[in-house]
Protein chains: 2
Amino acid sequence: MSETDASGPEDARLVALPLYKRAEEAMRARIADGRWPPGARLPNEPRLAEEFGVSHGTLRKALAALEAQGLVERRPGRGTRVARTTDEAAVYAFLRLWDTGGERVIPEPLSEALAEDTATPAEVEELALAEPRVWRLTRCRGHAGRAVSLERMVLPVARFPELGAHRPLPNSLYPFYESAFRQSVVAARDDLTAEPADAEAAAALSVAEGAPLLCAARVARNLSGEPVELRRSLYLTAGIAYRVDLSK
Amino acid sequence: MSETDASGPEDARLVALPLYKRAEEAMRARIADGRWPPGARLPNEPRLAEEFGVSHGTLRKALAALEAQGLVERRPGRGTRVARTTDEAAVYAFLRLWDTGGERVIPEPLSEALAEDTATPAEVEELALAEPRVWRLTRCRGHAGRAVSLERMVLPVARFPELGAHRPLPNSLYPFYESAFRQSVVAARDDLTAEPADAEAAAALSVAEGAPLLCAARVARNLSGEPVELRRSLYLTAGIAYRVDLSK
DNA sequence: GAGTGGTCTAGACCACAAA
DNA sequence: TTGTGGTCTAGACCACTCG
């Protein structure tokens, strides 16, 4: 049985791709556009193989790639489901804080402020905005009795309508983006620098102005690679570090 | 043909592992212990499959895992080789600096100092040293006409004998570790913090004492997971950032 | 017991690289 | 031309989950 997104040689863009790659991209597209929403169960392997016109082994190679990227979850005897950002592993993927004792750190919310505003030209560029209205969310979070981070988020109003109706916002924003606005964050880039504390950060984190803070400037993206959120986090790295594991 | 490291069910520790995993671990062991040194060419797939007593497809699944981890390189028509740390991709894996223009930054050496010393108790612990003699290597590197990093490395003398005979050391240390001392770095963990510049860093980087610097505290490990190098890099993040790509 | 994903095989054919 | 890795198939059997 032929499928529009697993089309044959008539599609010039896909004709050079191996079958397993075509099946992978077809399934990725279904997840990205919502035909297979987070949590949805996929047809079983024989069905998918028949649908895409490939063998069992080829279809499994495509599914293995999606699983490796954290897009689907497979369990023997249970089936294959579209992964949710809610899952613990996905939350930790974007929260890289560890304390000196070797334990993960999850800061708790201390305060938040939300306002609607017009994006700066740089923000319009970075968020690829067609319409310059954005939310500005500022959040202070703490750990072990003291404030450790000041985060300033920029969110397109077009992607997050009525964000103000959901306050106070939950501690974990990405699962909330997914469940409330169908905006799944699956990738992010952090540019890390050391910055002197400005007046607002100094007050929020109880340090002197000019004290060294770790700054993480983030662009968070969805499955289609579209920017969804800008975030500038300032961390007071006393007893806490931003951990990065590197490998060949 | 049977192999000691691809043994049959008589090996209780491995009996539960699937065949592709056993083949993968057997090959990983050969790379780790030097039977297959960096750059060495592996037997072709049919030979390996016969040697491990598995089918073509199963053997390929094991090789694919090693390739994904950057341990081997495979090229159609050419064969499979053990990857070298020298390869460009491997060097960049541990150098995460980008400038604001979106270009990679590779700092050039400005000065270096090397001394033999006794490791602190913390260093003995982190490097799992049986013998406390270490090299202390301090290096200052620059980019675009100004000093941008001050790096302090700690290397076990037992792993790096006669390190002093190789001065001046090359800019890329990890390929040098591999070629000169058979010490391949395949993984590292950076703990990032913001620190005020001490007197030495302030002088080396031409900033005021107390100025914010990005500090990367690294433990670099070989294929067996053994710590090979401790490194504390201080970066002047003016026009430069430490970039991290995160994904589910 | 029915249905799911996980493993493994044996063989075919292809594209690529080097002698 | 020879040998390499890359793709794909058809079918088998297993382990797990759940009703």
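Given the structure is predicted, the values throughout are model-derived calculations rather than measurements. Here is how names work: the chains are called A, B, and so on, in the same order as the sequence lines, proteins then strands, and each is numbered from 1.
Lys21(B) and Glu24(B) are joined by a salt bridge, as a carboxylate oxygen and a charged side-chain nitrogen come within less than 4.0 angstrom of each other. Electrostatic pairing of Arg47(A) and Glu50(A) does not count as a salt bridge here, judged by no charged N lying under 4.0 Å from a carboxylate O. Ion pairing of Arg221(B) with Glu226(B) is absent here, as no side-chain N (NZ or NE/NH1/NH2) approaches a carboxylate O to less than 4.0 Å. A salt bridge is defined here as a Lys NZ or Arg NE, NH1 or NH2 lying under 4.0 Å from an Asp or Glu carboxylate O, and Glu51(A) with Arg30(A) meets this definition. We find that Arg182(A) and Glu178(A) are not joined by a salt bridge, their nearest charged nitrogen and carboxylate oxygen being 4.0 Å or further apart. Taking 4.0 Å as the cut-off between side-chain N and carboxylate O, Glu151(A) and Arg139(A) count as a salt-bridged pair.
At whole-Å resolution of the value, CG in Leu59(A) and P in dG5(C) are 9 Å apart. Arg81(A) places its CZ atom 14 Å from the C1' atom of dG3(C), with the value rounded to the nearest Å.
In this structure, Arg104(B) satisfies the cation-pi test against Tyr92(B), with its NZ or CZ atom closer than 6.0 Å to the six-membered ring centre and inside 45 degrees of the ring normal. Both tests do not hold together for Arg159(A) against Phe181(A): distance to the six-membered ring centre under 6.0 Å, angle to the ring axis within 45°.
Counting 5' to 3', DNA chain D first comes under 4.0 angstrom of a heavy atom of chain A and last does so at the ends given by dT7(D) to dC18(D).
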Where protein sits on nucleotides 14-19 of chain C, one letter per nucleotide: B base, S sugar-phosphate only, - none, heavy atoms under 4.0 Å: --BSS-

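Residue Asn44(A) has no polar side-chain atom (N or O) positioned under 4.0 Å from OP1 or OP2 of dG3(C).
Map Gly57(A) and Gly79(B) each onto its nearest nucleotide of DNA chain D; the residue landing nearer the 5' end is Gly79(B).
In this structure, Arg41(B) reaches the sugar-phosphate backbone alone: every heavy-atom distance under 4.0 Å involves primed, P, OP1 or OP2 atoms, never a base.
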